[in-house]
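Quick notes on the structure that follows.
Note that this is a predicted model, so its numbers are computed, not measured. The sequence lines fix the lettering, A, B, ..., with proteins before strands; numbering per chain opens at 1.
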Amino acid sequence: MVRVRFAPSPTGYLHLGNARTALFNYLFAKNKNGRFVLRIEDTDAERSKKEYEKALMEDLKWFGVEWDEGPDIGGDFGPYRQTERLSLYRNAAEKLLAEGKVYRCYCTKEETDERNRKSGKNESSGYDNHCRELSREDINKFESEGRKPVLRFRVPPVSVKVNDMIRGEVVFEAENIPDFVIIKSDGLPIFHFAVVIDDWQMKISHVVRGEDHLSNTPKHIMLFEALGAPVPQFAHMSMTLGRDKTRLSKRHGATSVRAYREDGYLPEAFFNYISLLGWATAESQDIFSREELIEKFSIERCNKSNAVFDPEKLLWMNGLYMRKTSPERILKLSLPCLKEAGIMGDGETEETMRYMEKAVSLEQEKIKLLKDVPYHVGFFVKEPVYEEKAVKKHLTEKGKEVLGAILPSFEGCEEWTIQNLEAGVRKFCEEKGYKAGEVFHPLRVALSGKTTGPGLFEMIEHLGKEKTIQRLKKWS
RNA sequence: GCCCCCAUCGACUAGUGGUUAGGUCACCACUCUUUCAAGGUGGUAGCAGGGGUUCGAGUCCCCUUGGGGGCGCCA
């Protein structure tokens, strides 16, 4: 049984990189008919916030990554929050201590840094295993000073092979791994220890995570072995970078799932785009339905090299899905924006909803983001926002003259259909000797406020006689 | 400083010793068209560098360079 997990820290909104890790875990699990576990790593008391945990779950659900076990829905291997599992870590650590696999260390950060400096080593070269063989006397002395020890893992002198599903075999020498802390002096576990205990006890079969953890994996393997626990399979996926190939951060623009969600991306577009980062089929297909992705996904086809997140391609893909979906759904999803823009209110009638659906359908191929919907369809119900440039260019004296001249033919239009409207306007052009553009452009601007929009006659037809005449009068 | 990973168009990628190095985004041109889009057609653009191995290297090996990551009482 394949069991994978996604284990975020609730210290901020779900990051794009993490979203990708979650997605790959999800796809892998679903592809293998396995289980996808959500675990919250909230042992960092200062930075972890309940509201972020909530947001994390909302955003995951938003783009369709749903878990089979997690803090909100439970499961057979809970609890699923690390702060609720502290006794588990403590017990496991006690056992290792009794077995001599970990030891108490009383050094402060300053002391180890100082020793490193004196021996000419780099400050970040790690712990020097100073407290490995403390005597009873030493311990008593430190304890009487009131020092609180940390628990350090006694790294065995062996090399560790990581058999990575993406990277193949990677070997690490123990000499490059200093004894590391597993329990802090306040009794809380360090990340590396908590993950191992959790993965073990939650029976995680495959650990799929970012490459940033590859160098830490030998530590994890040593811990699994010290615990007598089975070592899971590992797959370290490439990292997600920004345009300049550095780690994705604020200065690259939006980096949280929340931001894309609020900008009006469609969840299926986001899902599809993210799946393409560091993974591809032999055909390099790039449009997939959720089901297709689940069916075709495989860890073996994950790339080893880092991937640059390209917001432009995401935007293109969103437009594609926007064109594919129904106007009804677009309207429904953009309702909050429309309300905010004062274009629609609460409790609109069924008739208005259908009217707006039609308006959306006329503009659908141009809509790239939900938040742009008000801009595209606002003029159908509200007085147009007249764009200065458009007015200046087309609603000139001559333009207004044309509008005044054509007004009667609209007033006299009995059957308000696209065909009639077009025939009428064309007839007008011919009779008065206007070129089409001389009439079409002023009409469009007077009615919509913009130089771009739906087909002119579809637009007029949908606007209706009343609004059309009222707006034309205003400009003639 | 030490350790690890990676390297095909600007970006995402296909490629697993013999290819005119393919697709997608972006870009450019043309086309369609009342506008803007969308669509269609075509195009610009790539194997980081140097050594090997081989009849033959984008594909295998080594070095260099570049990029990323790790080495915390953060996760």
Side-chain angles (χ1 to χ4, degrees), chain A residues 7-9 11 41-44 46-48 82 105 107-109 112 116 120-127 148-152 162 164 166-167 170-173 175-178 180-192 194-195 210-219 236 238-239 241 243-247 273 276-287 303-317 319-320 323 363-368 376 390 394 422 425-426 435-441 443-445 448 450-457 459:
Chain A
S9 296
T11 55
E41 308 215 326
D42 55 353
T43 53
D44 184 342
E46 276 142 56
R47 295 194 300 147
S48 294
Q82 288 190 329
C105 163
C107 298
T108 63
K109 173 113 175 73
T112 59
N116 276 339
K121 278 197 277 182
N122 190 286
E123 267 199 40
S124 57
S125 48
Y127 186 62
K148 289 265 177 247
V150 300
L151 257 34
R152 272 189 200 275
V162 179
D164 195 277
I166 297 173
R167 280 152 219 286
V170 185
V171 182
F172 295 86
E173 301 302 330
E175 63 197 72
N176 294 317
I177 306 172
F180 55 95
V181 174
I182 63 162
I183 300 283
K184 297 186 266 182
S185 55
D186 63 4
L188 291 176
I190 222 67
F191 161 78
H192 301 298
V195 216
E211 198 217 84
D212 49 343
H213 289 297
L214 182 57
S215 300
N216 287 323
T217 304
K219 293 179 190 171
H236 288 92
S238 62
M239 308 294 290
L241 308 179
R243 259 239 174 277
D244 54 0
K245 303 211 175 198
T246 63
R247 216 168 191 167
Y273 176 73
L276 260 31
L277 254 27
W279 175 83
T281 58
E283 301 79 27
S284 345
Q285 178 182 344
D286 47 19
I287 303 302
N303 267 145
K304 289 192 251 220
S305 43
N306 295 343
V308 172
F309 173 80
D310 181 8
E312 246 173 323
K313 188 160 181 178
L314 206 210
L315 186 64
W316 163 78
M317 194 173 279
L320 185 95
R323 273 168 255 136
E363 287 287 73
Q364 189 165 2
E365 63 211 6
K366 277 190 273 299
I367 297 171
K368 289 212 157 157
H376 288 291
H394 297 294
E422 176 157 11
V425 172
R426 294 209 184 267
K435 281 185 280 187
E438 290 175 302
V439 179
F440 286 39
H441 293 301
L443 264 179
R444 172 183 297 286
V445 175
S448 72
K450 300 180 290 179
T451 52
T452 67
L456 183 61
F457 303 104
M459 180 176 99

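- Remark: B:G10 base-pairs with B:C25. Criterion, Watson-Crick or G-U wobble with two distances under 3.5 Å.
- Residues A:Phe191 and A:Ala307 each lie close to RNA chain B; by heavy-atom proximity, the contact nearer the 5' end of the strand is made by A:Ala307.
- Checking the phosphate oxygens (OP1, OP2) of B:A14, a side-chain nitrogen or oxygen of A:Asn303 falls inside 4.0 Å.
- Closest heavy-atom contact between A:Phe172 and A:Leu214: CZ-O, 3.7 Å.
- Checked against B:C73, B:C6, B:G69, the side chain of A:Asp212 finds its nearest nucleotide in B:G69.
- On the P atoms, B:U41 is 38 Å away from B:G50, given to the nearest whole Å.
- In this structure, A:Lys219 and A:Ile177 have side chains that are in contact, with non-hydrogen atoms separated by less than 4.5 Å.
- Counting only heavy atoms from C-beta on, A:Val308 has its side chain closest to B:A11 among B:A75, B:A11, B:C5.
- The interatomic distance linking A:His213 (NE2) with B:G68 (P) rounds to 18 Å, in whole Å.
- Using a 4.0 Å heavy-atom criterion, one finds that A:Thr11 contacts no nucleic acid atom at all.
- Not one N or O on the side chain of A:Asn306 forms a donor-acceptor pair closer than 3.5 Å with the backbone of A:Ser238.
- In this structure, the nucleotide among B:A75, B:C4, B:G68 sitting nearest to the side chain of A:Leu241 is B:G68.
- In this structure, A:Asn306 does not reach the B:C5 phosphate: none of its side-chain N or O atoms is under 4.0 Å from OP1 or OP2.
- The phosphate of B:U13 (OP1 or OP2) has no side-chain N or O of A:Lys313 nearer than 4.0 angstrom.
- Which of B:A11, B:C6, B:C74 sits closest to the side chain of A:Asp310 comes down to B:A11.
- Smallest separation of non-hydrogen atoms from A:Met459 and A:Pro454: SD-CD, 3.9 Å.
- With hydrogens and angles ignored, the 3.5 Å screen pairs a side-chain donor or acceptor of A:Lys366 with a backbone N or O of A:Gly453.
- A distance of about 13 Å separates the C1' atoms of B:G58 and B:G18, rounded to the whole Å.
- Atom P of nucleotide B:C2 and atom CD of A:Glu175 are separated by 13 Å, given to the nearest angstrom.
- In this structure a side-chain-to-backbone donor-acceptor pair under 3.5 Å is present from A:Ser9 to A:Glu41.
- For A:Ser185 against B:C73, a side-chain-to-base donor-acceptor contact under 3.5 Å is present.
- Under 3.5 Å, the side chain of A:Ser284 and the base of B:G22 form at least one donor-acceptor pair of N or O atoms.
- Note on A:Lys184: every side-chain N or O is 4.0 Å or more away from OP1 and OP2 of B:G72.
- Summarising the geometry, the separation between NZ on A:Lys245 and C1' on B:G69 is reported as 16 Å, rounded to the nearest angstrom.
- Ranked by how close their nearest RNA chain B nucleotide is to the 5' end, A:Ala280 and A:Arg152 are led by A:Ala280.
- With C1' as the reference atom, B:A21 and B:C74 are 45 Å apart, rounded to whole Å.
- Under a 3.5 Å cut-off, the side chain of A:Asp186 and the backbone N or O of A:Leu188 do form a donor-acceptor pair.
- The CZ-P distance, from A:Arg167 to B:C6, rounds to 6 Å in whole Å.
- Checking A:Asp244 against A:Thr246 by side-chain atom types alone, a donor-acceptor pair falls below 3.5 Å.
- Relative orientation of the A:Phe180 and A:His192 rings is perpendicular, given thresholds of 30° and 60° on the angle between their planes.
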How does protein reach along nucleotides 28-43 of chain B, written 5' to 3' as B (base within reach of a heavy atom under 4.0 Å), S (only sugar-phosphate), or - (no contact)?
------BBBBSS----
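- Comparing atom distances between the A:Leu214 side chain and each of B:C3, B:C5, B:A75 picks out B:C5 as nearest.
- Regarding contacts with the backbone of B:G70, a side-chain N or O of A:Arg247 is found under 4.0 angstrom from either OP1 or OP2.
- Comparing B:A75, B:A26, B:U24 against the side chain of A:Glu312 picks out B:A26 as the nearest.
- B:G68 and B:C60 have their P atoms separated by 24 Å, given to the nearest Å.
- B:C25 and B:U19: their P atoms are spaced 28 Å apart (whole Å).
- Comparing the same atom, P, in B:C61 and in B:U8 gives a spacing of 16 Å after rounding to whole Å.
- For A:Ser238, no side-chain nitrogen or oxygen approaches OP1 or OP2 of B:C5 to under 4.0 Å.
- Across every strand in view, B:U54 sits unpaired, with no contact that passes the Watson-Crick or G-U test at under 3.5 angstrom.
- Rounded to whole Å, the C1' atom of B:U59 lies 15 Å from the corresponding atom of B:G46.
- Residue contacts shown for A:Phe309 are absent, as no nucleic acid heavy atom lies under 4.0 Å away.
- In this structure B:A48 sits in a base pair with B:U64, meeting the Watson-Crick or G-U test at under 3.5 Å.
- In this structure, A:Tyr273 contributes its side chain and A:Asp310 its backbone to a donor-acceptor pair below 3.5 Å.
- When heavy atoms are screened at a 4.0 angstrom cut-off, A:Asn216 is found touching base atoms of the nucleic acid.
- At the heavy-atom level, A:Ser48 lies nowhere under 4.0 Å from the strands shown.
- Annotation: B:A7 and B:C47 have their P atoms spaced 16 Å apart (nearest Å).
- Distance from the side chain of A:Lys219 is smallest to B:C71 among B:C71, B:A75, B:A11.
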